[in-house]
Amino acid sequence: MRFSEPFEQRFQEMASHYPTRRSLLVPTLLYAQDEVGFLSDEVVAEIARRVELTELEVRNVISYYSMLTTQPRGKYNVQVCTNIACLLMGGEEILDRCRLKLGIREKETTPDGLFSLEEVECMGACCWAPAVQVNYDFHEHLTPQKMDQILDQYTKKGTERRR
Amino acid sequence: MADLVSHPDEVKVVSKRFGLGATEIDRYLELDGYKAVRKALGMAPESIIAEVKDSGLRGRGGAGFNTGLKWSFVPKQSPKPKYILCNGDESEPGTCKDRLIFEHDPHSVIEGVTIAGLAVGAHVGYIYIRGEYRYLSEIMQKAIRQAYARGFLGKNILGSGFDFDVYWHGGAGAYEVGEESALMESLEGKRGIPRIRPPFPAVVGLWGGPTVINNAETLASVPHILLGGAEWYAKLGTPKNGGTRLFCLSGRLNRPGVYELPMGYNLKKMIYDVGGGMAQGHTLKAVVPGGSSTPLLTREEIDVPMDFDSLMKVGSMLGSGGVVIVDDSACMVKFALRIMSFYQHESCGWCIPCREGTDWLKKTLTRFHSGGGVRKDIDDLQYLSENMLGRTFCPLGDAAAMPTISIVKKFRKEFEDHLDGKPCPLEKAEAIERSPVMA
Amino acid sequence: MADVNLTIDGKKVTAPAGTLLIEAAKSAGIEVPSFCYYPNLSLQGACRMCLVKIEKMPKLQTACTTVISEGMMVTTDSDEVRQARKGMIELLLGNHPLDCPVCDAGGECELQDMTFSYGAAESRFIDVKNHRDEQQWSPVVYFDRPRCILCYRCVRVCGEGMDVWALGVQHRGVSSTIVPNQEDHLECEECGMCIDICPVGALTSGAYRYKTRPWEMKHVGTTCTHCADGCKTTLGVRRCSTGTELVRGDNRDKSGINGDFLCIKGRYGFDFAHHEDRLHQPLIRRNGRLTPCTWEEAFQLTGERLRQIRDREGGDAIAVIGSTRTTNEENYLLQKFARTVLGTNHIDHHRTADYPALVAALAGHPKLTASMRELFEAPAMLLIGNDPTRQHPLLAWQIRNNVRLHRARLYLVNAQPIKLRRQASSFFAIPAGREAEVAAFLAGQDSAVAAIASETSPEAWIRWRDQLRREPKLVVMFGSEIRGDAVASLIKFAADLPEAKLICLGDYANSRGAADMGLYPDLLPGYHPVTEVGEFHKDWGGVPEKPGLSLRQMAEHAQAGKLKALYVVGANPVEELGLDPFVFSQSFVVVEDLFLTETAAIADVVLPAANAYEKSGTFTNTCGDLQLVKKAGEVTGTKSDFEIIVRIADAMGVAVRKLVPFGRGSRADMGQSRGAQSGEADRHSVWLEARGLEPKMSPFDPMAILDEIQRLVPGYDVSRLHLLAGMDQHTSLSGSGPGTKHDPSAIMPARDDLFSSGTLGRYCRTLNAVLENGHKLAAEEEVAAE
Ligand SMILES: Cc1cc2nc3c(=O)[nH]c(=O)nc-3n(C[C@H](O)[C@H](O)[C@H](O)COP(=O)(O)O)c2cc1C
Ligand code: SF4
Ligand code: FES
């Protein structure tokens, strides 16, 4: 199991921040997931080793946090907020548009592996609602048309990279 | 990046450096940065605490506890290390203010954490930032690095002999982790299950050491208080509600956004003046005054000063500063359902009333909204909520029950309109069928 | 600690400072309901059932997490409180499947009882319940998720209590669920503690599920028959075609020294009683083959042959091997029978600990032995050798939980990195076989340090010993590695400490009892040398005074053709001690056992015996705690060893009353009741009682012998009342005879532990299923690793 150089550097640095190994767990899991795409059995075993926990304990933690997943997802994870502020501003229409455009429902991944879709809770964009996060990037003040454009941009970006 | 707004009524204290490039330490220093720490280093810990207490600063995370008073609970002597923990988990629906602080003024948080450390005798502070705010983590990390490089953090800061370390820490998606004791669990690498209290964090907190936990906005306010003085700050607000706070105005307003207004600013004015009034074609139906956990106010109830005590008087709460304007196009049953879906999804599952209560309320509301409601459901919704209220392990259960009770009470008519197989009068048919179900 | 006064429901209550409100209420007879609160496990405050009103507090408070304070005014039974409880039950029942009619826990379910008490009968919920299929986590553990109320008791008992940590909680909110460590199955000690502690039917036992309804069982509290720790177990018994069937073992009532603890063997290891190989009829060797016969024939033959041999060749030609699993009364009776009827001192048993050396060394130091209960309270513990996790599960539980709950200090010395080191405040590794040197070093022989200081420096050993010497109330435990002179060294060390005590670890359920009751060729009960004329000689009217043969010598004797008869009760020396079966080919061999063991296979007469769950009496655990063994079940065609010995004596023409001092007057008329015909002492006693006679009027009643034991064996003079009430009584060895020094090589530790199937274990289907499963998993892992 190998992680990138920046990951290892960050891990090393963070290790000195806490009196217990275990405290590294949550952020480390998220960074590992960002690199591997999901928390595979291999990643779980490796991180368990590093933070001196059993795999069971690591899985208990993973399953608690909604951003962490043990299942592969698309390269771009489209997270649509439908919580109150977004709801009032049309968040559900944005979600509908994503479903239609990507041809998938929540927690599904497009066959080309490019997109997955999620309905999420408030992401701190209430004043700029409705909002969507694609991976870590915020897209705010959305309309269904804008959403289309954004998805198109990601499709382009994703397929270009692949070529 | 979120855009900034402004209004003449604003009193910019915490937001004074927004949009001025203060993420760079040089710019921050130009704008009076780190002067407060320098001042605090020359003060006795008791005086710092007294200053903060007298300023009337109350926690901006939701509960509104006097910050100085909270600090004073930390024992002077402790065999275990003490800690400062900055709560930047910001997940209360309707709230998006800490985000702006981290984005525009990260050093003010570092400075606030350091001053808190000086006040209680801690030498380590953690800034916990929700996982979704990845770009803010990066801004924060850079700011911390700069602060170390300039000697504002680390060993012997500013030659004072005082050592102080600040670290950032990232979450991974969990509202409950914003609750102070769950926050500590999460930081310790565990599931975000709250802890039994007492003991309170000020006595037994992170890794067993006394810990001060404050919201990011609370801590960012502290340097301003030290520089401007308790009296100045207190006078900005109303008695016992010192200073200003960031209000996040959202919903169908003409000018939604985050505004810094004095405590006690009138809500009606906030909506119609600061927020520019309702967007064209919409009228006001209800207001969520302080994030989704707070009981809703009706159109008739909005002539109220926005401070902790006044809102308590009208049966609601100032909460986290998330003011969500509900307009006439919204179905209140749907609104209640969306709030409940959130709490059902975010309940940590530890205690029965919250775990089971949120689930049954969500189920009932889902059925009700899609036309399957029976008259008895309306009372049952209230009965169930009241059975959760005050009986859960942590306040999340209350947070789920309170708005629900207020909606059922204040908008009963809308519930009755859904009865007898009638579809939601305010929604398109297909929207009901698709009624939101979170996986 | 200082006392605190408070008022609960108008009652004045006083309890020590630091007491939890729920416990204070309980002590005043006020029951506060709870699911997640469980004494001695970490606090949860999760189920919210224990909410009570405390004056000056705005909200209801959880009694399970509130520490009492002076002047507290508490109400546990107001409308508000009752409504809170009812509300919780309603919410729990919302997603609960309400499949009580097919749930194993039905009838003994805390949720059922609570629903009954708080009347959440009508349901407000009309929406669909969340459902999940039942999962099998191991051969013995099943999990029915919808029934789970998430009290986390299972997770805590597994982690905190057992130090196994095989259960976790995953997901959150209403999706929260208990999970096993291997995602879909468990890899653990399979102790079943999680099943027992579950208040509902979420975790059920593969050995018990769907077998019966709890109210159809009779519950009998008795003592476990496996290891030497003496856990109390409550057996669930049900009628069946061959008598009565044991269907369950647990200790939910927490009535014994083990609290609620039982290990895998205690919990599942009873189905050997119903194994198809169990003997149900006596066998006699005819034309070289063991053939079934009647009990009368068997007794007659045995009685006649033994009498003939005794009369013709003398007692010296007869040897007796006793058991480590028979009761004290049986052991006592057996040696008395051997000495007074057969006229021989050739009696021995499978020795697994050097108790005679312990007694010898204890001379002059009264009260130096610790009970199993005292161990749990000891501020410091020293263990040399042994691996309690595997060999003494209860002892390990006491040690672990003493460290966890009382912050006791544990000092370990071992040649292996045993699991208890996780609780140890210090662990010193030594080369294998050097335990005796540790004892010598402790006793002050500094030169011994050279032999043990391989991983730890001599200086560290000296500091360690100094530290130990300062420990008040140290309990010193040692296994069979320490024998002979080493025992004496340890006692020398302990006797110099303030209030130190010892526990000597033997291996089988009544090893200690076998030793105490004089199953030695040279020692009478209470470790009195046969050579010294004393009480026993007087009481019994003579005892052969020449020490007899040890087990090994018996074999030699037999080989030399000098042993004409061998009487084996509940032992399998051929297998356990590796004796060559052919050496006994010239002897008349009588074997009493449950199964046709390797030894029974060479016998001339085989007598089907009842096991410890099918008879009454007492056991003494390895600490010396005396406990009642109560008859739970019965299998037709078997007799207790006690009755068999009496019947053989009777067939030899002995005046039985000399052997068993049962009541004066009538020789009980065997034939008047069904119970008497099947030789069942308990039922017989019912018959006797009905006639106004004392139960011990029967010669088969072990209580009659217990009288004699209590009268003659030092230390056994404990309260009969407490004993009969099911309480353990510590028998310190003080007042015992001088003990003796034996050949240390006569001690052979059992090769059997928690994870292997030994004497009885190999006939336990459930146990073997678990063990096989474990082997299979290990094998799979090896394959996967390649
Ligand atoms: C369910 C729940 C969620 C919370 N979430 C947050 C949060 O996201 N951010 C925050 O600052 N405080 C949150 N709080 C409040 C904290 O528990 C705590 O009161 C606060 O961080 C203290 O800081 P303050 O005194 O500065 O407000 C939450 C409380 C509860 C009960
Ligand atoms: S399985 Fe049983 S004991 Fe364990 S948490 Fe669930 S209900 Fe409680
Ligand atoms: S409600 Fe959507 S970001 Fe807050």
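Predicted model only: the values in this text are computed from it and were never measured. Side chains included, hydrogens not; waters and symmetry mates left out as well; all remaining heavy atoms used.
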(request) Starting at OG1 of T65(C), measure out to CZ of R195(B) and round the result to the nearest 0.5 Å. (result) 15.0 Å
Contact class of [X] relative to chain B, heavy atoms under 4.5 angstrom:
X: V67(C); result: neither
X: L91(C); result: both
X: Q61(C); result: neither
X: R48(C); result: side chain

Check each atom of [X] against the heavy atoms of chain C and say whether the ones under 4.5 Å are side chain, backbone, both or neither.
X: E346(B); answer: both
X: Y343(B); answer: neither
X: T392(B); answer: backbone
X: R191(B); answer: side chain
X: D379(B); answer: neither

(message) A quick test of your reading: do over 12 heavy atoms of other residues, nucleotides or ligands sit less than 6.0 Å from CZ of F65(B)?
(response) yes
(request) Check whether any side-chain heavy atom of F393(B) lies under 4.5 Å from a side-chain heavy atom of Q44(C), and answer yes or no. (result) no
